[in-house]
Amino acid sequence: MKRTFILFMLALFCQLSFCQSAAEELLNQYASAKHATFVMVPRPLMSVFLKQLVSKDSTANELAKRIDKLQVLVLDESSRSVRKKCNKDVTGLLSRGFHQYARLTENGSNVLVQTYPTTENPSQILLSITGGDNCSLLLLDGHFDKNFFDELLRLGKMVDD
């Protein structure tokens with residue numbers, strides 16, 4: 001009986017560990033496209049990066065604690081048809097449980113921020129930048145709340161200064 005229970009738990013763990021969200025499936029799908037650049041940054045590396053970015057700020061430490069994983073996909077060098085299909089698939093995530101948090105257009109680029117499963121306490125944030133020759137996706141996995149966006153904007157202003 002113990003052996004059966006352990007095998008069942010192992011099978012369940014394996015199944016959960018390979019479970020991907022719709023956004024992760026999308027990034028993996030386009031990561032193999034010709035001229036695509038895909039980078040995954042785990043928590044320890046993200047923590048080091050944020051601490052180097054703003055070494056004396058507690059905001060960077062808070063952000064590092066909230067982010068479990070960062071994935072970046074850049075399709076700028078891929079064909080126009082790949083970029084167009086990717087953009088269509090990104091907006092299609094809205095019908096697969098993602099919620100639009102913000103959308104803006106600046107200098108010919110479209111920026112779309114989507115959250116999953118809710119906008120109040122998302123576990124994933126997908127930022128897409130499209131338009132012209134741009135097609136970049138940034139996926140943050142972690143534990144976020146409304147304060148996260150305020151802290152992120154504050155950190156961005158500090159880096160600009």
Side-chain angles (χ1 to χ4, degrees), residues 13-54 59-119 121-145 148-149 151-160:
F13 176 75
C14 289
Q15 190 174 22
L16 289 175
S17 65
F18 288 113
C19 184
Q20 293 183 333
S21 72
E24 288 176 309
E25 288 176 12
L26 180 75
L27 267 73
N28 289 334
Q29 175 186 347
Y30 286 98
S32 60
K34 191 173 183 179
H35 302 295
T37 303
F38 177 74
V39 178
M40 183 173 69
V41 184
R43 175 184 275 186
L45 196 56
M46 181 59 113
S47 178
V48 169
F49 171 72
L50 286 173
K51 287 177 183 173
Q52 291 294 326
L53 190 65
V54 185
T59 303
N61 293 330
E62 279 299 311
L63 289 175
K65 289 177 186 174
R66 292 180 187 200
I67 299 172
D68 293 332
K69 179 174 49 172
L70 166 70
Q71 297 177 64
V72 180
L73 175 67
V74 180
L75 297 172
D76 294 353
E77 301 297 320
S78 296
S79 68
R80 173 174 240 119
S81 62
V82 169
R83 293 191 312 258
K84 191 173 182 178
K85 184 173 180 341
C86 181
N87 185 34
K88 182 180 174 187
D89 289 345
V90 167
T91 55
L93 289 174
L94 293 170
S95 65
R96 296 182 66 189
F98 277 77
H99 300 277
Q100 181 174 316
Y101 183 81
R103 175 180 236 140
L104 63 109
T105 302
E106 187 175 313
N107 298 334
S109 292
N110 302 311
V111 178
L112 175 63
V113 180
Q114 298 180 51
T115 60
Y116 179 84
T118 65
T119 54
N121 292 313
S123 60
Q124 289 188 326
I125 299 172
L126 178 66
L127 172 72
S128 63
I129 304 167
T130 59
D133 291 336
N134 296 330
C135 187
S136 301
L137 305 175
L138 180 111
L139 179 63
L140 294 167
D141 284 303
H143 308 284
F144 311 106
D145 57 18
F148 173 79
F149 294 103
E151 291 171 3
L152 196 59
L153 289 173
R154 183 174 167 271
L155 182 63
K157 289 178 183 176
M158 290 182 72
V159 171
D160 288 341

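The structure displayed is predicted, hence computed values, not measured ones.
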From CG (Leu137) to CG (Leu126), nearest 0.5 Å: 6.0 Å
Rounded to the nearest 0.5 Å, what separates atom OG in Ser79 from atom NZ in Lys85? 11.5 Å
By side chain to side chain contact (heavy atoms under 4.5 Å, CB included), which residues pair with Thr119, not counting sequence neighbours? His99, Tyr101, Thr115
Inspect the surroundings of OH in Tyr116 and state if more than 12 heavy atoms from other residues, nucleotides or ligands are less than 6.0 Å away. no
Are any of the side-chain heavy atoms of Arg103 and Asn110 separated by less than 4.5 Å? no
Looking at every non-hydrogen atom in both residues, tell me the closest pair between Gly92 and Ser95 and how far apart they are. O-OG, 2.8 Å
Sorted by chain and number, sequence neighbours left out, side chain to side chain contact (heavy atoms under 4.5 Å, CB included) with Asp133 holds for Arg83
Hey, what do you get for CG (Leu75) to NZ (Lys84), rounding to the nearest 0.5 Å? 15.5 Å
Heavy-atom pair of closest approach, residues Gln114 and Leu94: OE1-CD2, 3.5 Å
If you draw a 6.0 Å radius around CD in Glu77, do more than 12 non-hydrogen atoms from other residues or ligands fall strictly inside? no
Results of side chain to side chain contact (heavy atoms under 4.5 Å, CB included) for Pro117 - residues two or more places apart only: Ser123
Checking Ser128 against Thr130: is there a side-chain donor and acceptor pair closer than 3.5 Å? no
Gap between atom CG of Asn134 and atom CD1 of Ile129 - 0.5 Å precision: 7.5 Å
To the nearest 0.5 Å, what is the distance between CG on Leu127 and OG on Ser136? 9.0 Å
Nearest heavy atoms of Leu73 and Ala36, plus distance in Å: CD1-CB, 4.3 Å
Would you check if the side chain of Asp145 reaches a backbone N or O of Phe148 as a donor-acceptor pair within less than 3.5 Å? yes
Any side-chain heavy atom of Gln124 sitting closer than 4.5 Å to one from Phe98? yes
Which residues pass the side-chain hydrogen bond (donor to acceptor under 3.5 Å, both in side chains) test with Thr37, sequence neighbours left out? none
Among residues two or more places apart or on two chains, list those pairs meeting ring pair (Phe, Tyr, Trp, His ring centres under 6.0 Å) that have a residue in residues 20-42. none
Suppose we screen for side chain to side chain contact (heavy atoms under 4.5 Å, CB included). Which residues come up paired with Lys69, at least two apart in sequence or across chains? Glu24, Met40, Gln71, Asp141
